Amino acid sequence: MAKLLTFFLFLFMGIPSIFSQIRQVDIVKKEISIINKGSAYELKASELEDEQIKITFRNDIKDKIDFGEIYLKSQKDFEDLYEIILNGFNTKKDATIFVDLGASRLALFYSEMLWGNPQLQLIHSYKNALYSTKSTKMLSKKDIIKFFKKDL
């Protein structure tokens, strides 16, 4: 009986480790770019070990720092996003462009300024919670070119 009890004791101690739910995710392979580093308005892109691109951003809203993240499937999607954003700067004034990212969507909100060039705000939401959004600060075309590491 003692052997049977000991067997069950070791069996139940080993089962939780087999079915553990804890694992590390979003392991960064390399950092692609970062602008406004260390500020409340940081915007960063990283390549993950599974080849996805993760874009993280912070924004200071009503004295509270808001944090958001966007996942893209590949480097090609990252380059395609750059082309969509740049085309918006070149063709849209005071407009919003919606980009489908699979499980989420990104609204590119362009705003014409009284003086100077148009500005862009990225507004991200998940499709199952469209009204729960995260947004960046207003970004200039120069900020976008710097973020995507393109020449001016």
Side-chain angles (χ1 to χ4, degrees), residues 13-152:
M13 287 175 54
I15 287 177
S17 64
I18 294 171
F19 299 106
S20 178
Q21 296 178 3
I22 298 173
R23 63 186 171 88
Q24 186 176 355
V25 295
D26 294 350
I27 300 170
V28 175
K29 184 175 174 181
K30 68 178 181 178
E31 192 174 282
I32 298 172
S33 70
I34 187 167
I35 60 173
N36 303 320
K37 186 174 184 172
S39 74
Y41 306 107
E42 184 176 278
L43 180 63
K44 177 168 71 171
S46 305
E47 183 179 348
L48 304 179
E49 283 194 346
D50 61 358
E51 307 302 321
Q52 287 189 79
I53 305 297
K54 180 181 177 181
I55 299 172
T56 56
F57 55 89
R58 293 190 295 219
N59 195 358
D60 184 5
I61 300 174
K62 297 180 184 171
D63 297 327
K64 177 183 153 199
I65 294 181
D66 200 21
F67 176 79
E69 55 191 17
I70 301 167
Y71 289 91
L72 303 173
K73 291 182 181 178
S74 65
Q75 181 68 33
K76 182 185 179 318
D77 288 346
F78 188 67
E79 296 298 325
D80 291 345
L81 180 61
Y82 171 72
E83 292 299 324
I84 292 169
I85 290 171
L86 207 59
N87 287 338
F89 272 115
N90 295 333
T91 60
K92 302 288 182 188
K93 306 289 186 240
D94 286 335
T96 304
I97 298 173
F98 294 97
V99 180
D100 186 1
L101 301 174
S104 64
R105 75 180 198 170
L106 186 63
L108 309 174
F109 177 71
Y110 294 89
S111 182
E112 184 100 34
M113 298 288 120
L114 290 175
W115 293 279
N117 297 320
Q119 299 283 303
L120 166 70
Q121 185 174 31
L122 304 175
I123 304 169
H124 180 258
S125 65
Y126 288 97
K127 288 184 179 176
N128 61 357
L130 288 176
Y131 298 105
S132 177
T133 62
K134 303 290 182 179
S135 61
T136 65
K137 73 173 190 92
M138 297 302 276
L139 301 165
S140 67
K141 185 176 180 180
K142 186 177 176 181
D143 290 334
I144 294 299
I145 291 170
K146 181 179 175 185
F147 178 69
F148 284 93
K149 293 197 171 194
K150 304 294 182 183
D151 293 327
L152 291 174

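Count residues from 1 along the sequence. This one's a predicted model, so the numbers in the text were calculated from it and none came from an experiment.
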Given Ile85, which of Ile145, Ile97, Leu122 fulfils the side chain to side chain contact (heavy atoms under 4.5 Å, CB included) condition?
-> Leu122
Do the side chains of Leu72 and Leu101 get nearer than 4.5 Å, heavy atoms only?
-> yes
Heavy-atom side-chain contact between Ser74 and Gln52 under 4.5 Å = no
Start with the C-alpha gap between Leu120 and Phe89, add the side-chain angles, then the distance that decides, and say whether side-chain contact (heavy atoms from CB on, under 4.5 Å) holds.
-> CA-CA 8 Å; Leu120 166 70; Phe89 272 115; 3.6 Å; yes
Parallel, tilted or perpendicular, as decided by the 30° and 60° cut-offs, for the rings of Phe78 and Phe148 = tilted
Side chains of Asn59 and Lys134: do they bring a donor and an acceptor to under 3.5 Å?
-> no
Could you walk me through whether Ile32 and Lys44 pass side-chain contact (heavy atoms from CB on, under 4.5 Å), step by step?
-> CA-CA 8 Å; Ile32 298 172; Lys44 177 168 71 171; over 6 Å; no
Hey, could you give me the CG/OH distance between Leu139 and Tyr110, rounded to the nearest 0.5 Å?
-> 10.5 Å
Is it true that a side-chain atom of Ser39 and a backbone atom of Asn36 form a donor plus acceptor pair closer than 3.5 Å?
-> yes
Below 4.0 angstrom, N of the basic side chain to O of the carboxylate: do Lys127 and Asp100 qualify?
-> yes
Pairwise side-chain contact, Met138 with Ser111, heavy-atom cut-off 4.5 Å (strictly under) = yes
Do we see a donor-acceptor contact under 3.5 Å between the side chains of His124 and Ser104?
-> yes
N/O donor-acceptor pair under 3.5 Å between Arg58 side chain and Gly68 backbone = no
Take Lys54 and Ile70 through the side-chain contact (heavy atoms from CB on, under 4.5 Å) test and state the conclusion after the steps.
-> CA-CA 6 Å; Lys54 180 181 177 181; Ile70 301 167; over 6 Å; no
Mind checking whether Leu106 and Ile123 have side chains closer than 4.5 Å, heavy atoms only?
-> no
Tyr82 side, atom OH; Asn87 side, atom CG - distance, nearest 0.5 Å | 9.5 Å
Return yes if some donor-acceptor pair links the side-chain N/O of Glu42 with the main-chain N/O of Gly38 below 3.5 Å, else return no.
-> yes
Main-chain N/O of Gln119 paired to Ser140 side chain as donor or acceptor, under 3.5 Å | no
Are Glu49 and Lys29 within salt-bridge range, i.e. N to O under 4.0 Å?
-> no
Check against side-chain contact (heavy atoms from CB on, under 4.5 Å), Ile55 and Leu81 | CA-CA 11 Å; Ile55 299 172; Leu81 180 61; 4.2 Å; yes
Value for OG (Ser46) from NZ (Lys30), rounded to nearest 0.5 Å, stands at 11.0 Å
Rounded distance [0.5 Å steps], CD in Gln121 versus NZ in Lys137 = 10.5 Å
Any side-chain heavy-atom pair from Phe147 and Ile34 closer than 4.5 angstrom?
-> no
